[in-house]
> 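What follows is a structure written as structure tokens; I'll ask about it next.
Residue indices begin at 1 and follow the sequence shown.
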Amino acid sequence: MSVIQFNAHKKYHVLQSKTRVWETHNELTPHYRIIFIRSGEGQFSLDGKLYAYHAQGVILLRPGQHPIFQEDNSAEIFIIAFDTWLSDDFLQKKEFSPDFADIYKQAEHLCDGVRLTQGQPLQNERDAQTITYLINQILFEITQQPTSHNKLIRGSIDLIVTILARNNFESKKVEEVTSRQQLAGAIIDYLRQELHQNKNIRVPELLMRFNISEDLANLCVLNQTGMSLRNFIFKYKADLFKSRMLKVDISEITSYLHSGGQQTPHLSI
């Protein structure tokens with residue numbers, strides 16, 4: 001496959017090549033870039049970390065970042081680079097090219113706040129297929145059509161960035177839910193440990209310990225147990241007293257918790 005390259009002056013740059021060839025195109029390094037794995041699989045290093053890549057995988061890069069791919073004759077990549085010219089003066093960039101400035105800003109936010117797994121395909125298979133279609137359309141326009149194709153290429157790139165931004169946001173939500181689950185588990189484990197030692201629970205001290213607000217603590221405990229923080233403390237303390245009186249394990253009478261304080265919660269997003 002020969003190298004396919006297209007440049008819109010001071011806007012975006014498009015390149016398709018083998019991974020071993022793209023190393024010679026260092027002129028793209030100063031820009032925000034999105035790399036799509038068209039074929040092949042293997043590993044690449046980025047900022048001292050090793051990642052795996054697969055077909056339809058996506059790599060998001062800030063200016064200056066440069067992934068090093070392992071030698072793979074079958075690996076083919078497609079790159080969209082967003083020119084950082086006037087990046088320090090967005091209003092001037094907006095005046096110079098309003099449509100491109102908006103795409104650029106969205107790509108900038110995307111590459112600066114990566115939540116997707118580098119080198120891996122999107123989890124949303126339909127979106128992954130749509131991006132593949134749009135890339136094929138861009139390549140067709142570049143190789144087969146006259147200069148009037150510029151608008152179609154820009155529109156396809158805009159759609160690709162929008163799709164990636166949506167998936168990046170969804171990944172962020174999943175990450176936040178997981179983090180909240182872990183926090184809820186830590187809070188409940190701490191409360192159970194303190195109550196089993198007959199210690200008084202002071203909510204302000206608990207909030208300081210976990211560096212959170214009472215609203216967040218209530219949300220975490222509510223999603224985990226179905227009750228507020230203070231109601232959980234009161235309920236668990238009563239159940240603990242009851243279990244000691246009946247000489248049974250407290251897990252037998254705390255239906256709102258699995259043993260060990262962990263359960264699969266239904267989280268509000």
> Are the side chain of S213 and the backbone of L216 linked by a donor-acceptor contact shorter than 3.5 Å?
yes
> Would you confirm whether N211, through its side chain, and L207, through its main-chain N or O, come within 3.5 Å as a donor-acceptor pair?
no
> Considering all heavy atoms of both residues, which atom of V14 and which atom of I142 are nearest to each other, and what is their separation?
CG1-CD1, 3.9 Å
> Do I34 and V161 make a side-chain contact, defined as non-hydrogen atoms from C-beta onward lying under 4.5 Å apart?
yes
> Determine yes or no for a side-chain-to-main-chain donor-acceptor pair under 3.5 angstrom, with N168 supplying the side chain and L164 the backbone.
no
> Do Y190 and R209 have side-chain heavy atoms sitting under 4.5 Å apart?
yes
> Testing the basics here: between P30 and P63, what is the closest heavy-atom pair and its distance to 0.1 Å?
O-CB, 3.2 Å
> I'd like to know whether D47 forms a side chain to side chain donor-acceptor pair (under 3.5 Å) with Q65, so could you lay out the CA-CA distance, the side-chain angles of the two residues, the decisive distance to 0.1 Å, and finally the verdict.
CA-CA 7 Å; D47 296 338; Q65 288 186 306; 2.5 Å; yes
> Does F6 form a side chain to side chain contact (heavy atoms under 4.5 Å, CB included) with I80? I'd like the steps, not just the answer.
CA-CA 10 Å; F6 172 81; I80 304 173; over 6 Å; no
> Go through the structure and list residues passing salt bridge (charged side-chain N to carboxylate O under 4.0 Å, His left out) with E41, not counting sequence neighbours.
none
> With the 4.5 Å side-chain cut-off for hydrophobic clustering, are F210 and V203 part of the same group?
yes
> Applying salt bridge (Lys or Arg N to Asp or Glu O under 4.0 Å), run through E194 and R202 and close with a yes or a no.
CA-CA 11 Å; E194 295 294 290; R202 294 180 175 83; over 6 Å; no
> Could you tell me whether Y104 and F82 have their ring centroids closer than 6.0 angstrom?
no
> Would you please test Y32 and R62 for side chain to side chain donor-acceptor pair (under 3.5 Å) and show each step?
CA-CA 5 Å; Y32 286 100; R62 300 188 306 274; over 6 Å; no
> Answer yes or no: is there a donor N or O on one side and an acceptor on the other, between the side chain of D158 and the main chain of R154, under 3.5 Å?
no
> So, does T225 use its side chain to make a donor-acceptor pair with the main chain of L222 at under 3.5 Å?
no
> Applying side-chain contact (heavy atoms from CB on, under 4.5 Å) between S243 and each of L246, D239, L240, report the one that passes.
L240
> Do the side chains of V3 and F69 join up, straight or via other hydrophobic residues, at under 4.5 Å, putting them in one cluster?
yes
> If you look at every heavy atom in P67 and L46, which pair is closest and at what distance?
N-CD1, 3.9 Å
> Any heavy-atom pair between the side chains of Q224 and I188 that's under 4.5 Å?
yes
> Tell me, yes or no, whether the heavy-atom count around K105 atom NZ, taken from other residues, nucleotides or ligands under 6.0 Å, exceeds 12.
yes
> Kindly say whether L60 contributes a backbone atom to a donor-acceptor pair with the side chain of Q118 at under 3.5 angstrom?
yes
> Between R33 and H31, is there a donor-acceptor pair closer than 3.5 Å when you use the side chain of the first and the backbone of the second?
yes
> Should L61 and H66 count as side-chain neighbours, where that means a heavy-atom distance under 4.5 Å?
no
> Only one of I138, I103, V58 clears side-chain contact (heavy atoms from CB on, under 4.5 Å) with I160; which?
I138
> Quick one: salt bridge (Lys or Arg N to Asp or Glu O under 4.0 Å) pairs with a partner in residues 124-135, sequence neighbours left out?
D127-R166
> Can you tell me if Q120 uses its side chain to pair, donor with acceptor, with the backbone of A52 under 3.5 Å?
yes
> Ignoring hydrogens and angles, tell me if any N or O in the side chain of N218 forms a donor-acceptor pair with the backbone of S228 under 3.5 Å.
no
> Has N136 got a side-chain atom pairing as donor or acceptor with T132's backbone, closer than 3.5 angstrom?
yes
